[in-house]
Amino acid sequence: MSGFDFLQKQQQSQVQIMSQQQIQSLSILSLGTDELKDAVYEEAEKNPALVVKNAGRKKDRVLSVKVGSASAAGEQASEVYQNALESKADMRQSLQDALLEQLNMESLSEAEHAIGEKLIGNLDSKGYHILAPVTLLDKNDAAQTEALLFKCMTRIQRFEPVGTCVKNMEESLAVQASVRTDCPATARFILDGHFDFLNPPQTDKICKKIAAYQKERKSLFGAQETEPFLDMEVTEHDVSEALSFIRSLDPYPARNYSTQDVHYVQSDVSVVRLDEVQEENFDKGIVTVKDSSWQVSLSNDFSFDLDINPVYARHAAHALGTEKTVIQEGIKKAQAFISSVEMRQNTVLRSCCLIVKRQHEFFKKGPGNLIPLKQLDIANIMGVHESTISRMANSKYLECEWGLFDIKYFFVNAVAENTSKDKILKEIRAIIEEHKDDKKKLSDQKISDILQSRGITVARRTVAKYRSSL
């Protein structure tokens, strides 16, 4: 056919095709702890060759019959009736709905409203934060700053019921006390970080603890200027009055609201700082940096073991033909699934150990101490592809003494050379605090110069931008 030329060409190209095993491993790696448990039970139902051990089955309740008591049938009927009452739908308003109604009545900017909704959606049934509030900020929205986050939290804490949107019971009581005009000074002091003085709640012992604290703090240079309470004389009557006031507060102000439709985020990894320095061992989850050690552990909610069904394995030795093929295929799939789960657990543990090691300043001192860290950095150390680390961090949460954080929170880009935005904001805040008593306000250029002297090179425009966010 004229006008058409048929040519035969040979071209060489390299194409990577993943096996079914690799696809399954990557899929399991991206699952959170709850999703992993569901996947395990689903696989065990499909494949009798897979056995789930130590799954923590609930013990059956047993009705006992005693002489002179109601009959077993009567007890059972009573229990059925009680269960029916307890299972009745909770028609009360939820805490989130109550707080959102009040939020919508406020005159707020778009950024304030967005942060407020996130804060309210981040509360558990007690009104406490689930994730660390700082993780709720949208990094791509310059209007969402830590200062605005704190402002929104303070506003919501004073909504009805007063004392929600807090870290714990102590902070809830402190917020409630702050809005009361009848709060004694001693009660205000105890609720401001000295809640442990109430253990035991005996006036004479609390008095002695306060006196010892005042004596110790007075010996420190400049303490009287920042802690005016040190000059107050506290009597047992003052302590008794403070105890009565604290007892009038509600430790669980959200208790009268519905707990339906509250979804919890649980940690997949926990990081605990150890009292003594130990030899580093990632296999055991021990991370050591200089004079500090941490224990990195996977969630206890995935505490069961997976194994091949021994009955199924023995039967495979005597089966013939098609039956033998089916059994062997089931065992092969079970082994592949177990390997994928083990790979997931090992990858998550080792990755988080490396995160703790690289971000040790954060785990030692808290927010404001993150350093630049990319997923590629962890991938290179572990010898895996960057997408593997991305899947590892997907929908997983890490809990430490500073709160509950999305694992992706620890991956941050550098703003200045080897310095993260998190660190720069902390330094600018510290510089402003150091010079708050100066007669002349620091210029952006002066702050830039001070940062330069501290080894952080940041342009004046960047300082102005970050300063306004503070």
What do the steps show when you test Ser293 against Arg273 for side chain to side chain contact (heavy atoms under 4.5 Å, CB included), and what is the final call?
CA-CA 6 Å; Ser293 290; Arg273 190 170 181 178; over 6 Å; no
Hey, mind stepping through Ile371 and Gln359 against side chain to side chain contact (heavy atoms under 4.5 Å, CB included) and telling me if it holds?
CA-CA 6 Å; Ile371 65 169; Gln359 300 288 15; 3.3 Å; yes
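Asp377 CG to Lys374 NZ: the interatomic distance, rounded to the nearest 0.5 Å, is 7.0 Å. Here the CG atom belonging to Asp250 is positioned 6.0 Å from the CD atom belonging to Gln176, to the nearest 0.5 angstrom. Of the inter-residue distances, the one linking Leu136 atom CG with Tyr409 atom OH reads 10.5 Å to the nearest 0.5 angstrom. Taking CD of Glu160 as the start and CG of Leu95 as the end, the distance is 11.5 Å to the nearest 0.5 Å.
Residue-environment remark: CG (Asp182) exceeds the threshold of 12 foreign heavy atoms within 6.0 Å.
Counting only heavy atoms from C-beta outward, the side chains of Thr33 and Leu298 never approach each other to under 4.5 Å. Counting only heavy atoms from C-beta outward, the side chains of Val166 and Tyr128 approach each other to under 4.5 Å.
A salt bridge links Lys37 and Asp34; the closest N-O separation between the charged side-chain nitrogens and carboxylate oxygens is under 4.0 Å. Ionic pairing of Asp283 and Arg350 is present here: one or more N-O contacts between side-chain nitrogen and carboxylate oxygen are shorter than 4.0 angstrom.
By the salt bridge (Lys or Arg N to Asp or Glu O under 4.0 Å) test, Arg358 pairs with no residue at all, sequence neighbours left out. Partners of Lys284 by salt bridge (Lys or Arg N to Asp or Glu O under 4.0 Å), not counting sequence neighbours: none found.
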